[in-house]
Each structure stands twice: as structure tokens, then as C-alpha cells.
Amino acid sequence: MEYVTLNNGIQMPMEGFGVFQVPDYQECEDVVYHAIQSGYRLIDTAAAYMNEKAVGNAIQRAIQDGIVKREELFITTKLWVQDYDHVQEAIDRSLDLLGLDYIDLYLFHQPMGDYIGAYRVMEDNYKVGKLKAIGVCNCYPHVLADICETVEMIPAVNQIELHPFFQQPLALKTAKEYGVICKAWGPFAKGKHGIFTHPVLSEIGKKYNKTAAQVALRWNVERGVVVIPKSVHHERIEQNIDIWDFQLNEEDMKAIEKLDMGKSEIVDHFNP
């Protein structure tokens with residue numbers, strides 16, 4: 001595993017395990033436990049995913065079984081829009097559901113409503129140690145810039161849609177200028193464009209004995225982007241973390257760069 005240093009000095013794994021759309025309690029607990037067994041140390045959930053309790057149980061099982069220590073894990077969860085008026089209660093609820101004394105990274109989920117007010121409460125919780133790092137999600141470049149010029153503490157992370165078909169170079173450039181790390185949700189584009197068998201990605205993969213999916217993940221990592229692939233299949237969970245023994249060359253990166261469509265086919269954050 002490789003790590004990136006956040007703007008407050010904390011180190012964050014560059015690959016983690018996401019649990020969006022894993023609503024079944026037992027399945028979520030089992031796959032998170034298996035992910036930790038397989039070497040994942042970053043686990044990404046959210047209040048809106050309705051599975052924080054299952055994630056917490058998997059964490060406790062893994063600790064009790066001696067697989068990992070709490071301080072080796074990097075747990076991310078998120079504040080949903082409906083809770084922006086009572087952020088403290090939401091943070092405390094997430095801590096309780098996860099069974100943790102602190103959250104490694106806490107993000108607000110959407111820049112809608114009083115997200116600046118919500119972020120200020122997150123800053124307060126950072127100062128007392130309940131949150132080790134704070135950040136944002138789904139902020140297009142102009143929104144991120146406005147937030148960075150407004151708040152006391154620059155967000156550590158902006159979690160946004162990033163994959164070969166929506167590459168967002170301006171988002172990465174803006175984040176870099178402010179010292180913000182980008183984290184990719186949907187690194188497989190939710191399976192669109194036949195990403196798992198895409199000819200460009202597959203052809204590159206042949207050179208390194210890797211799958212198209214592994215190439216897609218490695219491409220984002222080499223752009224300095226943290227990735228959080230999700231799967232409920234044990235074999236794919238193990239494959240997805242097997243990206244640390246090869247590097248793409250400049251020719252590979254340029255070939256993937258040509259796949260960018262310049263827009264999302266999953267969600268349009270300009271559409272309220």
C-alpha cells in the first residue's frame with residue numbers, strides 16, 4: 001500500500017474499500033471483514049448508506065480476531081444534507097454506530113443548504129479530536145475554491161466522481177492548488193462503457209498481466225487520487241487491491257486520457 005499525506009500531516013491509504021449500495025447488514029459486515037483480511041485499511045461509508053453499524057461490527061471483529069489494530073485503520077464516514085442543522089448529533093450518532101472513539105476522516109456529503117455552517121461544526125469536532133481530518137464531497141472546482149476561501153481549515157479531501165470517462169482535470173488542478181487530496185467515488189464508472197472489458201484498458205493490462213479494472217484503479221492512483229472500489233465478491237475484493245506491483249508509463253496514461261467524455265453520466269451536480 002502507498003499513502004498520501006493530508007494537509008494536516010495525517011497519512012491516508014491511497015486505496016480503500018467502499019460500501020455504497022451494500023444495504024444488507026450481514027453482507028456488509030462480512031465483506032468489510034474480508035476486505036480488512038485482504039489488506040484494506042481505509043473503509044469508506046456514510047450515514048446515508050445506512051450501514052455504519054455493519055461496518056462498525058466488522059471493524060470490531062477484525063480487531064478482536066487480531067487481524068488489525070484500531071490505529072492501523074482509516075475510517076471515513078459522511079454527513080448527509082438532512083443533518084446539516086444538527087451536525088453534532090449526527091457526528092455522535094456515527095461514532096456510536098461505528099463503535100469508535102474518533103473518525104479518521106469526516107466529510108459533508110453534498111454542497112447543498114448550509115454546508116458552511118455544517119463545516120464549522122466539523123471544525124469544532126476536529127479541534128477536540130473526535131474527527132482526525134475533515135473534508136467535503138461532490139464539490140466542483142468553483143465550489144471547492146469558494147469553500148477554501150471561506151472556512152478556517154482547508155478541507156483535507158474532496159471526494160468526487162473520477163474515472164477514465166470523467167477525469168475532471170480542473171478539479172484535480174484546483175484541489176492541488178489548495179492542498180486538497182481528491183478521492184474517487186465510482187472509480188469503475190458504475191460499470192458503464194464496458195469498463196471491465198474495455199479494449200484500451202484491457203490492452204494496457206495485458207502488458208502487466210492485470211485486468212482492465214486494475215488498470216483503471218492504477219491510473220487514478222498515479223494521478224495522486226485515492227480510490228475506493230466496491231465489490232461484494234471476495235475474488236474481486238482481492239483483485240482490486242492487487243495494484244501495487246506495477247506502474248503505467250506515459251504512453252498508457254495518454255491512451256487513457258483520450259477516453260475522457262468531459263461530463264458525468266451518473267449524476268449532474270449542476271441539476272438541483
Side-chain angles (χ1 to χ4, degrees), residues 1-6 10-22 31-32 34-36 38-46 49 55 73-78 104-105 107 109 133 135-139 155-169 171-172 175-176 180-193 195-196 198 200-202 204-205 208 210-233 235-248 252-253 256-257 259-260 264 266-267:
M1 181 59 61
E2 294 174 11
Y3 290 78
V4 64
T5 302
L6 303 182
I10 288 177
Q11 287 206 310
M12 176 181 181
M14 290 205 71
E15 183 174 14
F17 185 72
V19 295
F20 178 49
Q21 293 179 328
V22 190
V31 296
V32 171
H34 184 73
I36 295 172
S38 301
Y40 291 86
R41 294 296 177 260
L42 163 59
I43 308 296
D44 183 279
T45 184
Y49 300 169
V55 170
L73 293 171
F74 194 100
I75 309 303
T76 301
T77 193
K78 309 177 193 78
D104 297 275
L105 175 63
L107 313 170
H109 213 142
V136 301
C137 292
N138 298 307
C139 291
V157 169
N158 183 20
Q159 184 165 318
I160 54 177
E161 179 187 351
L162 291 167
H163 51 75
F165 310 108
F166 189 39
Q167 302 184 10
Q168 298 215 64
L172 267 62
K176 186 176 181 180
V180 179
I181 295 298
C182 285
K183 185 178 177 188
W185 66 256
F188 294 141
K190 291 198 171 181
K192 294 179 182 293
H193 299 281
I195 189 169
F196 298 116
H198 194 281
V200 172
L201 301 174
S202 297
I204 292 171
Y208 308 103
K210 297 293 179 181
T211 66
Q214 289 168 321
V215 169
L217 292 175
R218 185 70 208 185
W219 164 81
N220 245 333
V221 164
E222 294 196 13
R223 300 198 305 159
V225 173
V226 175
V227 291
I228 46 167
K230 176 218 112 179
S231 179
V232 295
H233 305 287
E235 182 183 358
R236 289 181 188 163
I237 289 171
E238 293 161 15
Q239 282 182 350
N240 289 341
I241 201 172
D242 186 22
I243 62 169
W244 302 103
D245 58 353
F246 78 109
Q247 284 185 308
L248 302 178
D252 301 329
M253 297 295 285
I256 297 172
E257 190 177 314
L259 302 179
D260 189 12
S264 173
I266 299 172
V267 61

Locate the shortest heavy-atom distance separating L105 from F74; write the atom from each residue and the value. CB-CE2, 3.5 Å
In short, salt bridge (charged side-chain N to carboxylate O under 4.0 Å, His left out) pairs touching residues 156-166 with sequence neighbours left out are none
What closest approach, in Å, do V180 and P155 show between heavy atoms, and which atom pair accounts for it? CG2-O, 3.3 Å
To the nearest 0.5 Å, tell me how far N240 CG sits from I228 CD1. 12.0 Å
Taking atom CH2 of W244 and atom CD of Q214, what is their separation to the nearest 0.5 Å? 12.0 Å
Output every pair passing salt bridge (charged side-chain N to carboxylate O under 4.0 Å, His left out) with a member in residues 182-192, not counting sequence neighbours, ordered by first then second residue. D44-K183
Short question: side chain of R223, backbone of Q167 - any donor-acceptor pair under 3.5 Å? yes
Just verifying a value: how many Å separate L172 CG and N158 CG, rounded to the nearest 0.5 Å? 9.5 Å
Which pair of non-hydrogen atoms, one from P187 and one from A216, has the smallest distance, and what is that distance? O-CB, 4.4 Å
Under the salt bridge (Lys or Arg N to Asp or Glu O under 4.0 Å) test, residues paired with E257 that sit two or more places apart: none
Roughly how far, to the nearest 0.5 Å, is the CD1 atom of I256 from the CD1 atom of I204? 4.0 Å
For N220 and L162, which heavy atoms make the closest approach, and how far apart are they? ND2-O, 3.1 Å
Distance-minimising heavy-atom pair for A35 and I237: CA-CG2, 4.0 Å
Below 4.5 Å, heavy atoms only, C-beta onward: do P164 and V200 meet side chain to side chain? no
Quick check against the 3.5 Å criterion: does R218 have a side-chain atom that pairs as donor or acceptor with the backbone of F246? yes
Do side-chain atoms of H163 reach the backbone of F165 as a donor and acceptor pair under 3.5 angstrom? yes
Residues that Y49 engages under ring pair (Phe, Tyr, Trp, His ring centres under 6.0 Å), provided they are two or more places apart: F20, H109
Under a 3.5 Å distance rule, please check whether E15 uses its side chain to pair with a backbone N or O of M1 as donor and acceptor. no
Within the side chain of R41, is there an N or O that forms a donor-acceptor pair under 3.5 Å with the backbone of G16? no
Nearest 0.5 Å please: distance from the CG atom of L42 over to the OG1 atom of T76. 5.0 Å
Got a second to check how far L217's CG is from T211's OG1, nearest 0.5 Å? 8.0 Å
How close do V226 and P13 get, heavy atom to heavy atom, and via which atoms? CG1-O, 3.5 Å
According to salt bridge (Lys or Arg N to Asp or Glu O under 4.0 Å), who are the partners of K210, at least two apart in sequence or on a separate chain? D242, D245
Pair H198, V215 - check side-chain contact (heavy atoms from CB on, under 4.5 Å), show working. CA-CA 11 Å; H198 194 281; V215 169; over 6 Å; no
Sub-3.5 Å donor-acceptor pair from the side chain of H233 to the main-chain atoms of E235, do we have one? no
Exactly one of F166, W219, F196 should register a ring-ring contact (aromatic ring centres under 6.0 Å, His included) with F188. Which one does? F196
Take I36 and V32 through the test side-chain contact (heavy atoms from CB on, under 4.5 Å) and record every step on the way to the result. CA-CA 6 Å; I36 295 172; V32 171; 4.1 Å; yes
Hits for ring pair (Phe, Tyr, Trp, His ring centres under 6.0 Å) against Y3, two or more places apart or cross-chain, chain-then-number order -> none
